[in-house]
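Each remark here refers to the structure printed beneath this line.
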Amino acid sequence: MTAGAAQSRDMAARASGQPILAIRGLKRRFGGIVAANDVNLEVRRGEIVGLIGPNGSGKSTLFNLVSGMFKPDSGQILFNGTDIAGMKAHRIARLGLARTFQIPALFENMTVTENLLAAAAEGQWDGAHERAEVAMQLLTLEAVRDNRAIDLSGGQQKLLEFGRIIMRRALLILLDEVTAGVHPNIRKIILDAIVKLRDEGATFFLIEHDMELVRSVCDRIIVMDAGQVITTGTFDEIARDSQVMQAYLGRRA
Ligand SMILES: Nc1ncnc2c1ncn2[C@@H]1O[C@H](COP(=O)(O)OP(=O)(O)OP(=O)(O)O)[C@@H](O)[C@H]1O
Ligand SMILES: [Mg+2]
């Protein structure tokens, strides 16, 4: 499907009030470990949803299944109305899904500007040069616009990876611990950009260990433990939930 077709399909889906992401009965096993054990969840359009849970609870596996890095054993992943379960990663990306990686995926020998323009070419090209200017301003990358990605600081590389997502104009953006280990200034820039993009129509699903960040930006939180969704709610609701506390303390109910 072309980006234009994906966009008109999105308009129709928005009108029907359909969730942007609906996962049903998703399973994936690695040998004896069931990393996704009948996962069911929904992300609605325009939401910022946080995904939390103890180490090894299956959060990154879920993102890998949604983005097409892994194939599920069974289950359905409806993205903007299309079942993408088992589809190849590049096809899912073309339908309007973007994700970040723990180690930023950049064109190392290309400049900041070139990296941004290349991302627009992968997603939506219209207005690319103007949009690259806006992204560089938003992410404070103007001073290093002609520097090669490989010569940037780690924090600037994270900002550039985020800029590439902005340029793609994705419908749904998956962020896996995007602010882990970055300076508070850069974290603030990324958080402000998330809120701004959401206000412009993007939807975010983000894995995060920092509860302060989760509290400040997420509309809703989904909690996983041992490959399953154990609860969903606002930050205050889940903070009162004893099952969640048990999951974090590593005890079983
Ligand atoms: N490619 C793989 N091969 C084998 N086992 C895997 C693979 N990917 C994940 N697992 C296993 O699946 C389980 C869930 O791992 P996952 O990385 O999804 O957890 P997580 O919730 O993201 O944890 P963390 O908070 O530490 O990042 C773990 O037991 C992990 O060892
Ligand atoms: Mg993980």
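Counting starts at 1 for both ligands and their atoms, following the listed order. One is the number of the first residue; the rest follow in order along the sequence. Computed from heavy atoms alone, side chains included, the values below leave out hydrogens, waters and symmetry copies.
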Quiz item: Where's the contact between N55 and ligand 1, heavy-atom distance under 4.0 Å: side chain, backbone, both or neither?
Solution: both
Exercise. Evaluate whether atom CZ of R91 has more than 12 neighbouring non-hydrogen atoms of other residues, nucleotides or ligands under 6.0 angstrom away.
Key: no
Quiz item: Of all the atoms in ligand 1, which lie at a distance below 4.0 Å from a heavy atom belonging to F70?
Solution: 1 (N)
Quiz prompt | Modelled atom types, side-chain donor and acceptor of T203 and R45, under 3.5 Å | solution = no
Self-check item: Nearest-option assignment for atom 23 (O) of ligand 1, heavy atoms, candidates G56, S57, A226, G58
Solution: G56
Quiz item: For F235, what residues pass the ring-ring contact (aromatic ring centres under 6.0 Å, His included) criterion, not counting sequence neighbours?
Solution: none
Exercise. Using ring-ring contact (aromatic ring centres under 6.0 Å, His included) as the criterion, list what pairs up with F162, not counting sequence neighbours.
Key: none
Quiz item: Heavy atoms only: which of T61, I52, V34 is nearest to atom 16 (P) of ligand 1?
Solution: T61
Quiz prompt | R24 and N40 side chains, donor-acceptor separation under 3.5 Å | solution = no
Quiz item: Applying a 4.0 Å heavy-atom criterion (strictly less than), which segment of H209 is in contact with ligand 1: side chain, backbone, both, or neither?
Solution: side chain
Quiz item: With a cut-off of 2.8 Å, does any N, O or S atom of N55 fall short of it relative to the Mg ion (ligand 2)?
Solution: no
